[in-house]
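Remarks on the structure that follows.
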Amino acid sequence: MITVQPVLEIPSHESFGLWPVSDVEPFSFLALDGTLAPDGVGTAVMALAACNDLDDEDDLPPRPDDPLGGFLHGLLTRDPLIASGGLRVTDTLTGTLLVPGCCSGLEDRGDWWDVLDGDGCAAWLGHDPSPRAERDGSTVRLTVDSAADTGRRIDVPVAELRRLLTAVEGDLADFLALAARWADEHLPDHSERVGRALARALAPPPRN
């Protein structure tokens, strides 16, 4: 059985105290869906805010002075937003696991559809490791680390991968509904803007 999950990379959060988060290991991946516990949702929102907490754009509004407003500033004002992570693929029969590489993001997941519906070119899925997806006829070959040439691969029928990618969008929609309710409770003064920002960050990729 093959599963595909949308995942976020979780940054270091030992000193984070703006809202409850789970004890998930830093730099591991958290799967997003509608079953997350409240502290899991808080962890995901923290991760999305943290990876957009940058001062590299001069045209953003001034950063608020309060800790909460300051931390949420990038998430609420940057465009486009970054969602560090990607898609995690597991072959439960062989135990083979493909995880996103460094510098990839959920905002790039449209590349997977390009492999299915485009010219079959390989999708760049990050580096260190360097996962790769490439279509060969009616099959998509997923290479766990194309740079290391370990031989670890997952072959997925095109029709099955299409179904799995559609299910990913359902998982993200369920997560967004859950996160909107979480924001109403934990970030009442920012809940509407946070909900809109999360929807932008995890918006379905454009399709031709």
Side-chain angles (χ1 to χ4, degrees), residues 1-11 22-37 39-41 43-44 47-48 51 83-179 201-208:
M1 177 179 177
I2 295 171
T3 64
V4 180
Q5 298 170 295
V7 296
L8 286 177
E9 184 177 20
I10 304 304
S22 63
D23 59 357
V24 61
E25 190 74 19
F27 310 112
S28 63
F29 292 104
L30 176 68
L32 303 183
D33 57 28
T35 68
L36 282 173
D39 60 352
V41 178
T43 303
L48 285 165
C51 67
S84 296
L87 302 185
R88 179 172 63 193
V89 184
T90 306
D91 185 336
T92 59
L93 292 179
T94 65
T96 304
L97 179 68
L98 180 144
V99 297
C102 179
C103 300
S104 68
L106 276 169
E107 72 275 10
D108 301 318
R109 67 189 184 277
D111 292 349
W112 289 76
W113 287 102
D114 290 341
V115 171
L116 294 181
D117 299 328
D119 58 8
C121 62
W124 185 85
L125 306 175
H127 59 89
D128 297 328
S130 299
R132 179 184 178 93
E134 187 169 16
R135 180 169 176 170
D136 181 12
S138 61
T139 301
V140 174
R141 168 153 289 182
L142 306 177
T143 302
V144 171
D145 190 343
S146 59
D149 193 23
T150 62
R152 295 167 61 214
R153 299 180 178 89
I154 302 172
D155 289 334
V156 191
V158 167
E160 176 67 2
L161 185 56
R162 194 181 303 277
R163 183 190 69 79
L164 291 167
L165 292 179
T166 300
V168 161
E169 299 307 318
D171 286 338
L172 290 173
D174 291 345
F175 167 76
L176 288 172
L178 190 63
L202 301 177
R207 300 280 304 279
N208 294 328

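Along the sequence shown, the residues carry numbers beginning at 1.
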**Request:** Sequence neighbours left out, what passes side-chain contact (heavy atoms from CB on, under 4.5 Å) with T35? Give chain and number order.
**Result:** D33
**Request:** Please report the closest heavy-atom contact between A133 and V115, naming both atoms and the distance.
**Result:** O-CG2, 3.7 Å
**Prompt:** Should L106 and L202 count as side-chain neighbours, where that means a heavy-atom distance under 4.5 Å?
**Reply:** yes
**Fill in**
Between L48 and A201 the two heavy atoms that sit nearest each other are CD2-CB, 4.4 Å
Atom pairs and distances, side-chain donor-acceptor, residues 151-158, under 3.5 Å, sequence neighbours left out:
residue	atom	partner	partner atom	Å
D155	OD1	R141	NE	2.9
D155	OD2	R141	NH2	2.9

**Message:** C103: which residues meet the side-chain contact (heavy atoms from CB on, under 4.5 Å) condition with it, sequence neighbours left out?
**Reply:** W124, H127
**Prompt:** Who pairs with A147 by side-chain contact (heavy atoms from CB on, under 4.5 Å), at least two apart in sequence or on another chain?
**Reply:** S130, D145
**Request:** Enter the distance from L164:CG to L87:CG here, rounded to the nearest 0.5 Å.
**Result:** 10.0 Å
**Request:** Answer whether the closest heavy-atom distance between the side chains of P26 and I10 falls below 4.5 Å.
**Result:** no
**Complete:** Across all chains, not counting sequence neighbours, the side-chain contact (heavy atoms from CB on, under 4.5 Å) partners of T92 are M1, T90
**Item:** Value rounded to 0.5 Å, distance of CG in L142 from CG in L161
**Value:** 6.5 Å
**Prompt:** Got L125 and W112 here, is their nearest side-chain heavy-atom distance under 4.5 Å?
**Reply:** yes
**Item:** Nearest non-hydrogen partners of F27 and P11, listed with the distance
**Value:** CE2-CA, 4.5 Å
**Asked** With a 4.5 Å limit on heavy-atom distance, are the side chains of W113 and R162 in contact?
**Response** yes
**Asked** Can you name the nearest heavy-atom pair linking P129 to P131, along with the distance?
**Response** O-CD, 3.1 Å
**Request:** Working to the nearest 0.5 Å, report the span between CD of E9 and SG of C102.
**Result:** 7.0 Å
**Item:** A83 backbone acceptor or donor facing E107 side chain under 3.5 Å
**Value:** yes
**Message:** With a 6.0 Å cut-off (strictly less than), is the heavy-atom count around CG of D128, excluding the residue itself, greater than 12?
**Reply:** yes
**Side chains of L97 and V99 in contact at under 4.5 Å (non-hydrogen atoms)** = yes
**Prompt:** Within the distance-only criterion (no hydrogens, no angle test), does the side chain of S104 pair as donor or acceptor with the backbone N or O of P100 below 3.5 angstrom?
**Reply:** no
**Prompt:** With distance as the sole test, does R132 use its side chain to make a donor-acceptor pair with the main-chain N or O of T143 at under 3.5 Å?
**Reply:** no
**Asked** Which heavy atom of A47 sits nearest a heavy atom of L8, and at what distance?
**Response** CB-CD1, 4.4 Å
Show which side-chain atoms of residues 169-176 pair as donor or acceptor with protein atoms under 3.5 Å away, not counting sequence neighbours.
residue	atom	partner	partner atom	Å
E169	OE1	R109	NH2	2.9
E169	OE2	R109	NE	2.7

